[in-house]
Structure formats: C-alpha cells, structure tokens
Colleague: 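Quick one: the structure is below, questions incoming.
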Amino acid sequence: MVNKMHYVIIGNSASAVGCIEGIRSVDTEGKITVISDENHHVYGRPLISYMLMGKLKKEMIWYRPYSFYSDNKVDTLFGKKVIGVDAVQKEVRVDDGTTIKYDKLLIATGSMPFVPPFTGLEDVHSKYSFMTLDDALNLEKVLDKDKKVLIMGAGLIGLKCAEGILSRVKSVTVVDLADRILPSILDNEGSEIVKNYLERKGIKFYLSDTAEKFTADAASLKSGVKIPFDILVLAVGVRPNTELARTAGATIERGVLTDISNRTSVDDVYAAGDCAVSHDISSGTNRVIAIMPNAYIGGHNAGVNMAGGNETFKNAIPMNSIGFFGLHIITVGSYEGDTYIERTAKTYKKIFYKDNRMKGYIIIGDVARSGIYTSLVRNEIPLDTIDFDLICKQPQLMAFAAKDRDKLLNSGWKSGMIEHE
Ligand SMILES: Cc1cc2nc3c(=O)[nH]c(=O)nc-3n(C[C@H](O)[C@H](O)[C@H](O)COP(=O)(O)OP(=O)(O)OC[C@H]3O[C@@H](n4cnc5c(N)ncnc54)[C@H](O)[C@@H]3O)c2cc1C
C-alpha cells in the first residue's frame, strides 16, 4: 500500500485556502493538517471593517462555508501556534508541546503589525491593532458614541478601521508621517481626492506628522498639536511574518523567497501570501505583494506543486480594489513611464505605460470594466496590438484584436488572469 502524503499548512487564511484547493485538485486522499493561532473559521480579513460598520454579521465574513474543512478532509488545529520548523526531521513544533511530521509544508503565516518605539506608548491602556477578527471584536467592545479615536497610520488598514468605526464613535483622527494618505498605492492627486472625500465624511487628518510622545489619553505631535483620545489604534505598518521560515533555514529577502512554483530554498517547504516575496512583473522587482488575490493564487500554486502537479505563478502584480463609504478605488501595477490622465466630475483615472506595455493604473470613482486594464498589465499585452487610445478613454473589448477578444471573453478577463502568447 502506498503511504498517503501528509501536507501541513501553517496559517489559515487566503493562502491556506488556496493551498487546500490546489492540493485537492491533484490529490484527493492525502492527509492535510492546518494549524493556526487564530481560533476562528477562515474569514476574509478585508471584511472585518464591514463587520464593525454593522454591514455584515460575523457569520457573513467567512471566506469559505462551514463545511469547507470536512468537505476537503482537512484536520484543523486552531488556537495553536507553531514555534519551530525542523526541515531536517521534517516536523513542526507546536506550542502545546506536540510535534507534527510533514511530507510537504506550506508556510502561510502572513504579516504582523509593526509598532515603532513611540515614547510613552506603554502608558496607553486602550490601544488596539486592526489586523484580525479578534482585534475587531476587541475594538468593538470599547466603541462608544462618546469616545474619541486616534488612528496612527493612513494606509489601507488605518483607513479601513476609520471607515468601520466612524458612525459608532464621537470622532476619528488619523495621523501619518507621510504627506498623503494611502501613500503606497495613490499618487498625490488621487490621494487628495480620497482625503477630501473622507474629510467630508467627518474624518480628520494630520499628515507629515507623527506622535512625539503619548500619555494615557493624549498624543503630542511633532508639529506641536495635542490630540486627546479615548481609544488608540496602531496601524503604522506591517511586516512579513518570516520567523518560522527562518527557523526552517529558508532564504529571506524582506519576505520568504520563493520560485514560480512557490517553493522556498528548503526542500519540501513552500511559502505563499503576505509572508512571501513574489516577482512583480509590472515593476520587474521581487517584493511582498500583500493582497488577497496574490495570497490565494500563490497558495493554490503551492498546493498543486506540493501534491505533485505542475503549476506556475509567473504574473504576480499588486492590485487593490477598495471602497470607502461608497467611493471605489482600483490601483494596479507600478507607476512608471508615460501617463494618460482623465479627470471628470465623478472619476479620476491615470494610466501608466512604458515600452509598449501598460504598467499600471489608478482609478477613483467609476471603476466599471477596469478588469480589462488589469488584464493588459498582468498579461503584458503589447499596446501596438490594440487600439490603446480608445482603451484609455473607454475600456472595451472592441479595442482588442479579434483573437485576443475571444480569449478575454472565454477566460474571465475580470480576474486579469489571461495568458497572452
Ligand atoms: C483590515 C485589512 C483590510 C484589508 N483589505 C484588503 C483589501 O481590500 N484587498 C486585498 O486584496 N487585501 C486586503 N487586505 C490584505 C489581505 O487581508 C491579506 O493580503 C491576506 O489576508 C493575506 O493572506 P495570507 O494567507 O498571506 O495571510 P494572513 O491573512 O495574514 O493570515 C496568516 C495567518 O497565519 C497565522 N499565523 C502566523 N504565524 C503563525 C504561527 N507561528 N502558528 C500558527 N499560525 C500562525 C496568523 O495568525 C494568521 O491567521 C487587508 C488586510 C487587513 C488587515
């Protein structure tokens, strides 16, 4: 009798789900064990702010149905932390004292909040992160119409938190060292548009500023402004969770280094998602692309290869699809080269192109059919094969050559996952 493979997955989020589905597309019998220090069914992390807003109940943020693990014959160890990986013995050590042997291992440990050493932070009792469902549930317990909230960080996580709690507290103030909000995904003009919109909703910003000192209930900013608060949310940044991969002996370059099969430098150890580095084809650089689609696709890719299949993930690109109080924003790729800019009362659009390829884009407002642009970036479609002028003004399939049009229609351009020969 052939021994069944044992696949062990550390982490239980988008990459883990991708991995389970990838493994099961090849191997229906192998044993799969998922270990996570979060004691919850798998949930969509981006949805925790909607839960706070009251738009979604907790049961509605699950990323897969309750039967997901039993349907896929997966053993779960939730509420347990892996504290070490021995890649020679091929086993992981769990904080309950047990060790678990693996044949193939996926490290999908995501990222963790990064908190700079702010003076006086230890005196603040009511302070929170906003990364996990437990963070959101803990924050929810203290929300109150009389409370003033200070959020450190005007990135995606800080602003999602601001959106989630604004209607439930007295005030929300956001402070960031950068001179604009969402600095890693928006240019100056786009950032100003979104900031003005959020200010009209009631959020107050202090940019190019930071906390010099905290007391229990106030922050003194570098600019001299003093901001009293009842609740402090720290959303300054995140770091890839690479410690376990390091203990396994894997090469780390900001995140865990992987190849196009999501293999690390250590035999039978794979990594995917926010803890890992991907090759961003839009900028030609290796970087951590901390978004759901990348985590899922990378996890799926790893799963297929762990199970002996053959899949590659060669066209990773950063892409964010976010909404704040009904304002839609899509950003994709890298911002280099020449630009096409369009400003209307409802929409700001900026397209970046270079060397006969679309490199990236920003759209704020009407994001309909922007999947066509995503497909152009992800598939590096030569711009001289399409009517680029027409596409810039109006993303439409008619601007593509007939053979590409058929391909786009038949293979789901919305995900931007089209192969282009
Ligand atoms: C508030 C918020 C809003 C977001 N909004 C968006 C959005 O709009 N669009 C988008 O694309 N992305 C968004 N993201 C990012 C997205 O959620 C991540 O890219 C995605 O969840 C990454 O998935 P992952 O599988 O790599 O890891 P994660 O989701 O980070 O999960 C990793 C898991 O591993 C567990 N773990 C870590 N170490 C151990 C250990 N030693 N032992 C056991 N378990 C361990 C962690 O507890 C965690 O449960 C958002 C993130 C946040 C926090």
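Just the heavy atoms: all of them, side chains too, but no hydrogens, waters or symmetry mates, feed the values below. In each ligand, atom 1 is the first atom listed, and ligand 1 is the first ligand listed. Just so you know, residue 1 is the first one in the sequence shown, and it goes up from there.
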Colleague: With the threshold set at under 4.0 angstrom, would you say Ser49 reaches ligand 1 through any of its heavy atoms?
Modeller: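 Not so, Ser49 does not reach ligand 1.
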
Colleague: Please compare Pro46, Ser13, Gly11 and report which has the shortest non-hydrogen distance to atom 9 (N) of ligand 1.
Modeller: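 Ranked by closest heavy atom to atom 9 (N) of ligand 1, first place is Pro46.
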
Colleague: Tell me whether ligand 1 is touched by Met112 - counting only heavy atoms on the residue side and a distance under 4.0 Å.
Modeller: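 So Met112 does not count as touching ligand 1.
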
Colleague: Take every heavy atom of Asn320, measure it against each atom of ligand 1, and state whether any distance is under 4.0 Å.
Modeller: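 Contact check Asn320 vs ligand 1: negative.
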
Colleague: Looking only at heavy atoms of Cys275, does any of them come nearer than 4.0 Å to an atom of ligand 1?
Modeller: no

Colleague: Sub-3.5 Å donor-acceptor pair from the side chain of Asp176 to the main-chain atoms of Ser208, do we have one?
Modeller: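 Not a single qualifying donor-acceptor pair exists.
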
Colleague: Check this for me - ligand 1, Lys81, N or O atoms closer than 3.5 angstrom, yes or no?
Modeller: no

Colleague: Is there a donor-acceptor pair closer than 3.5 Å between any side-chain N or O of Asn301 and the backbone N or O of Thr312?
Modeller: yes

Colleague: Evaluate the ring planes of His41 and Tyr66, with Trp represented by its six-membered ring, and classify them as parallel (under 30°), tilted (30 to 60°) or perpendicular (over 60°).
Modeller: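 Because their plane-to-plane angle lies in the 30° to 60° range, the rings of His41 and Tyr66 count as tilted.
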
Colleague: With atom 44 (N) of ligand 1 as the reference point, say which of Asp37, Leu244, Ile157 has the nearest heavy atom.
Modeller: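 Among Asp37, Leu244, Ile157, the closest heavy atom to atom 44 (N) of ligand 1 belongs to Asp37.
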
Colleague: Between Thr258 (side chain only) and Arg263 (backbone N and O only), is there a donor and an acceptor less than 3.5 Å apart?
Modeller: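 No; judged by distance alone, with no hydrogens or angles, the pair does not exist.
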
Colleague: Is there a salt bridge (charged side-chain N to carboxylate O under 4.0 Å, His left out) between Asp209 and Lys222? Walk through the geometry before answering.
Modeller: CA-CA 6 Å; Asp209 214 343; Lys222 245 191 177 132; over 6 Å; no

Colleague: So which heavy atom on Leu207 is nearest to which on Ala154, and how close?
Modeller: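 For Leu207 versus Ala154, the nearest heavy atoms are CD2-CB, 4.5 Å.
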
Colleague: For the pair His40 and Tyr43, name the ring-plane relationship: parallel under 30°, tilted 30 to 60°, perpendicular over 60°.
Modeller: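 The arrangement is perpendicular - the two ring planes meet at more than 60°.
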
Colleague: When you look for heavy atoms under 4.0 Å from ligand 1, do you find them on the side chain of Asn241, its backbone, both, or neither?
Modeller: side chain

Colleague: Which atoms of ligand 1 have any heavy atom of Gly273 under 4.0 Å away?
Modeller: 26 (O)

